Amino acid sequence: MFDPFIDAWQLRNLVMKGELRPREVAEFYLARIDRLNPELGAYMTVTADRALGPMLRRCDYTASRIQ
């Protein structure tokens, strides 16, 4: 997919150019947390619904305006 250690500005540029979707980015990092957190214990609580919720609502709104 992409380098998980990419600089935020580079990630933003990829999203702005349409090479990545915000949902892809969020799901990538959520999957990475799911995979690595059992060993690392870096997160006590992961709220994927809160991470994806606003973005999904915006995508739905944008799609409804296009149709």
Side-chain angles (χ1 to χ4, degrees):
M1 175 118 200
F2 59 88
D3 178 7
F5 302 106
I6 190 172
D7 289 335
W9 66 269
Q10 292 173 311
L11 190 56
R12 177 194 174 273
N13 287 345
L14 291 173
V15 170
M16 295 299 290
K17 289 191 287 186
E19 294 180 29
L20 287 174
R21 290 182 166 156
R23 181 179 184 155
E24 291 175 299
V25 174
E27 288 175 344
F28 174 82
Y29 283 109
L30 287 168
R32 186 170 164 80
I33 290 168
D34 283 344
R35 189 174 69 252
L36 298 175
N37 197 52
E39 182 181 337
L40 299 175
Y43 296 93
M44 292 190 65
T45 304
V46 177
T47 54
D49 56 329
R50 290 186 69 190
L52 296 173
M55 180 215 23
L56 293 176
R57 284 192 298 275
R58 181 175 173 98
C59 289
D60 290 343
Y61 173 76
T62 303
S64 70
R65 292 193 50 132
I66 292 172
Q67 296 175 353

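Not measured: the values here are computed from a predicted model. Position 1 is the first residue of the sequence, and the numbers go up from there.
In terms of heavy atoms, A51 sits closest to L30 at CB-CD1, 4.4 Å. Closest approach of E24 and E19 over heavy atoms only: OE1-O, 4.5 Å. Contact record, Y43 with V46: CB-CG2, 3.8 Å, taken as the closest heavy-atom pair.
L36 and I33 fall into different hydrophobic clusters, where Ile, Leu, Val, Met, Phe, Trp and Tyr side chains are chained together by heavy-atom contacts under 4.5 Å.
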Yes or no on side-chain contact (heavy atoms from CB on, under 4.5 Å) for L14 and V25, after CA distance, side-chain angles and deciding distance? CA-CA 10 Å; L14 291 173; V25 174; over 6 Å; no
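Remark: R32 fails to qualify as a cation-pi partner of F2 under the 6.0 Å distance and 45° angle criteria applied to the six-membered ring.
Here R35 contributes atom CZ and L40 contributes atom CG; the two are 10.5 Å apart, rounded to the nearest 0.5 Å. The OH atom of Y29 sits 5.5 Å away from atom CG of L11, with the distance rounded to the nearest 0.5 Å.
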